[in-house]
> 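This structure is in structure tokens; I'll ask about it shortly.
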Amino acid sequence: MLRLLWLFAVLDAVLLLDTGMLFPRESSSRELKELSGLWVFRADKSPNRNQGFERAWYKSRLGETGPVIDMPVPASYNDITQDSTLRDFIGWVWYEREVVVPARWITDEGTRVVLRVGSAHYYSVVWVNGEKVTEHAGGHLPFEAEIGSLIQKDRIHPCRITIAVNNTLTLETLPPGTIQHMNDPIKYPDGYFVQNTYFDFFNYAGIHRPVLLYTTPKVYVDDITVVTDFLDNTGFVRYQVSVKGAATATLKVTLMDKDGHCVASSNEASGVLKVVDVKLWWPYLMHENPGYLYSMEVHLMAADERSTYEDVYALPVGIRTVKVTNTQFLINNKPFYFHGVNKHEDSDIRGKGLDWPLIVKDFNLMKWLGANSFRTSHYPYAEEILQMCDRHGIVVIDECPGVGIKDIRSFGNASLAHHLDVMDELVRRDKNHPSVVMWSVANEPAAEMQPAALYFKTLITHTKALDPTRPVTFITDSNYARDKGAPYVDVVCVNSYFSWYHDPGHLEVIPIQLNAQFENWYGKYQKPIIQSEYGADAVPGLHSDPPMMFTEEYQNAVLRSYHDIFDQKRKQYVIGELIWNFADFMTAQGITRVVGNKKGIFTRQRQPKAGAFILKERYWRLANETGKLPPWTKYPCSL
Ligand code: GCB
């Protein structure tokens with residue numbers, strides 16, 4: 001009974017968000033039209049970058065306003081051409097695509113047509129047939145607009161979608177950045193400016209995730225929230241369905257197992273579904289059947305004086321619990337040790353654009369490595385990736401784009417308000433993923449600054465109120481003065497680069513410094529600790545023995561030395577280790593980066609460096625000790 005009361009209480013909190021952002025799925029009542037492929041593109045290279053707005057480029061075909069080029073969507077635009085001014089462009093770029101919309105979508109008055117952008121960096125304005133339909137601040141998260149009435153106005157021509165995207169970062173955006181104008185005529189050309197950022201990845205821009213049109217009936221399932229629990233063999237799925245378009249509707253909610261058998265059902269908009277002989281959602285390498293998903297099928301029926309409406313939406317549901325004690329991270333009440341990676345959405349040519357071959361390759365590599373988890377450093381990843389995590393049992397620390405908050409002016413009210421909005425959008429989007437076990441609100445902010453204490457207290461408290469079912473963390477570096485968020489988090493996540501940024505070349509300092517790091521943080525906060533980053537750059541093929549910085553041997557030595565201390569502390573309160581980084585990735589140009597950050601254990605093209613084999617051996621050994629290997633993984637035969 002207490003358990004059910006708890007489920008009710010937390011669900012109400014999750015529902016603080018009032019409009020849904022369900023992932024668009026086809027069903028018997030919903031159709032989808034993907035607009036991936038070639039779009040028309042033009043960068044606004046006018047001195048003030050504002051010509052597109054001044055001359056209303058959205059009013060006619062983009063090709064009529066000036067020279068245009070082909071641009072793939074989804075993809076970053078930066079690496080698509082040979083033009084360095086486009087690679088390094090700052091300002092507005094314009095995308096356009098004409099779409100033939102099925103006649104029925106236009107004539108059927110009971111149909112809603114929605115335009116959805118999976119993500120665009122960073123500020124977007126959208127027009128349909130020359131009329132503005134929405135704008136959105138921030139990359140990495142989806143936004144939508146209902147466009148049915150606009151496409152009804154012009155039934156003859158194809159529907160013209162124009163999206164203007166601006167990658168300029170300010171002190172109040174996430175991540176923050178500044179524009180610096182260089183006014184010295186002896187050094188810089190007239191009107192010269194640069195974008196300064198305080199994060200270590202290339203500031204890719206453009207439309208990064210699929211754009212699509214989808215339909216729903218006029219009365220539709222707007223959102224679903226599930227919170228799960230279990231007791232002995234019984235699973236509980238507390239759910240809430242929110243309906244839009246009508247005051248009343250009849251609902252039928254059915255939970256199906258993997259074989260398509262109904263295991264529980266209800267006719268209420270909210271309630272608890274009881275699942276006997278529940279199959280829990282388990283992480284990869286913790287159970288022989290990881291990533292078990294039920295399907296919650298919501299069937300809505302409604303009627304008004306004109307018509308009847310029927311909507312069907314199927315949500316994958318994994319039943320599992322997450323809890324944190326002061327020394328452990330528990331999934332389904334069993335200790336879970338994160339042996340995983342930090343990633344980036346990053347690859348040759350497409351930059352941060354969603355790319356299925358890359359996604360599947362990365363999952364294969366993570367499984368090969370024996371990784372059971374990753375952190376979405378340093379921003380929310382595509383929903384398609386989280387769906388893969390749900391299905392494969394890869395555990396996720398879901399991070400918002402609060403990276404590079406280094407300037408005191410970025411702790412003001414406007415920044416905080418935006419940061420809270422982004423957390424709202426992130427939780428709304430990802431709340432139902434069983435793979436997501438923790439929220440990360442920021443990476444290495446300059447939290448020693450005085451306003452940071454209140455900023456992070458507000459941010460973390462807000463996030464916990466949004467979702468009391470998941471722990472919250474923020475990622476700190478090894479500077480203890482930056483602990484302002486630590487009193488409020490559930491898990492302390494620390495990044496450190498001993499023998500790299502500190503005492504470069506001195507591998508011998510790692511044991512003493514890493515040991516002190518753990519003892520200090522645990523001593524002060526008595527919270528479990530994840531080593532959320534550690535590593536060293538290795539230029540593939542560069543060798544030296546004894547090891548020297550930037551060689552594969554040095555990267556190996558750093559990993560081994562860290563691992564020795566992890567092995568001592570994981571018996572106590574260290575609950576995870578995430579290598580920085582899974583793969584090499586592109587950064588801004590600078591004197592510490594040789595065509596990008598080389599801390600990957602895989603190259604950017606996903607080939608292993610020597611460090612990958614060290615990690616593979618370790619992760620499989622950890623999995624053997626702490627988990628349960630699926631029968632098909634015959635470790636250690638592949639080593
Ligand atoms: C860090 C940052 C990460 C960098 C990494 C590095 O602490 O969180 O974004 O890429 O260090 O390699 O410098």
Side-chain angles (χ1 to χ4, degrees), residues 139-140 169 174-177 196-204 338 340-347 351-352 374-381 397-406 410 440-448 473-483 485 489 492-505 510 513-514 517 521 529-540 549-552 554-555 558-559 562 576-604 609 611 615:
H140 317 285
L169 295 171
L174 281 186
N196 295 318
T197 57
Y198 313 100
F199 51 80
D200 182 36
F201 52 89
F202 191 84
N203 193 24
Y204 280 112
F338 294 78
V341 299
N342 288 279
K343 294 188 88 259
H344 262 300
E345 290 184 318
D346 173 271
S347 71
K352 291 199 175 304
F374 67 83
R375 168 163 77 112
T376 69
S377 43
H378 292 303
Y379 37 78
Y381 292 179
I397 301 173
D398 203 351
E399 187 155 291
C400 92
V403 57
I405 309 179
K406 303 289 187 195
S410 293
S440 160
V441 298
N443 179 69
E444 295 186 4
E448 73 279 22
T473 189
F474 98 141
I475 316 288
T476 186
D477 59 25
S478 51
N479 177 348
Y480 303 115
R482 300 205 169 136
D483 69 345
V489 299
V492 169
C493 285
V494 189
N495 301 341
S496 60
Y497 290 91
F498 305 126
S499 87
W500 192 263
Y501 294 120
H502 310 277
D503 304 294
I510 294 175
Q513 295 189 0
L514 188 57
Q517 166 197 290
W521 283 101
I529 303 179
I530 295 177
Q531 181 75 38
S532 40
E533 286 181 27
Y534 70 103
D537 287 74
V539 177
M549 291 177 78
F550 293 101
T551 63
E552 297 198 33
Y554 196 90
Q555 187 182 45
V558 170
L559 301 195
Y562 266 77
E577 52 189 87
L578 305 174
I579 183 80
W580 190 264
N581 188 285
F582 172 74
D584 292 346
F585 58 90
M586 195 46 70
T587 62
Q589 299 185 62
I591 50 170
T592 59
R593 296 287 176 255
V594 189
V595 192
N597 186 310
K598 296 280 186 280
K599 292 195 186 68
I601 50 161
F602 296 101
T603 64
R604 202 182 192 208
K609 301 181 196 172
L615 221 60

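Atoms within a ligand are numbered from 1 in the order they appear, just like the ligands themselves.
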> Which residues pass the side-chain contact (heavy atoms from CB on, under 4.5 Å) test with Asp503, sequence neighbours left out?
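Checked Asp503 against side-chain contact (heavy atoms from CB on, under 4.5 Å); matches are His506, Val509, Gln513.
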> List the steps and the verdict of side-chain contact (heavy atoms from CB on, under 4.5 Å) for Thr473 and Ile530.
CA-CA 10 Å; Thr473 189; Ile530 295 177; over 6 Å; no
> Compile the donor-acceptor pairs under 3.5 Å between side chains in residues 582-591 and protein atoms, sequence neighbours left out, one pair per line.
unit_1 : atom_1 : unit_2 : atom_2 : d
Asp584 : OD1    : Gly600 : N      : 2.9
Asp584 : OD1    : Lys609 : NZ     : 2.8
Asp584 : OD2    : Lys609 : NZ     : 3.2

> Start with the C-alpha distance between Val558 and Phe498, add both sets of side-chain angles, then the distance that settles side-chain contact (heavy atoms from CB on, under 4.5 Å), and finish with yes or no.
CA-CA 8 Å; Val558 170; Phe498 305 126; over 6 Å; no
> Provide the closest heavy-atom pair for Pro445 versus Phe474 in the form atom of the first, atom of the second, distance.
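Smallest heavy-atom distance, with atoms named: CG-CE1, 3.5 Å.
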> Not counting sequence neighbours, which residues clear side-chain contact (heavy atoms from CB on, under 4.5 Å) with Tyr501? List them please.
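With sequence neighbours excluded, Tyr501 shows a side-chain contact (heavy atoms from CB on, under 4.5 Å) to Tyr497, Arg593, Lys599, given in chain and number order.
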> Quick one, list the residues around ligand 1 where some non-hydrogen atom comes in under 4.0 Å, by chain and residue number.
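These residues qualify: Asp200, His378, Asn443, Glu444, Asn495, Tyr497, Tyr501, Glu533, Trp580, Phe585, Arg593, Asn597, Lys599.
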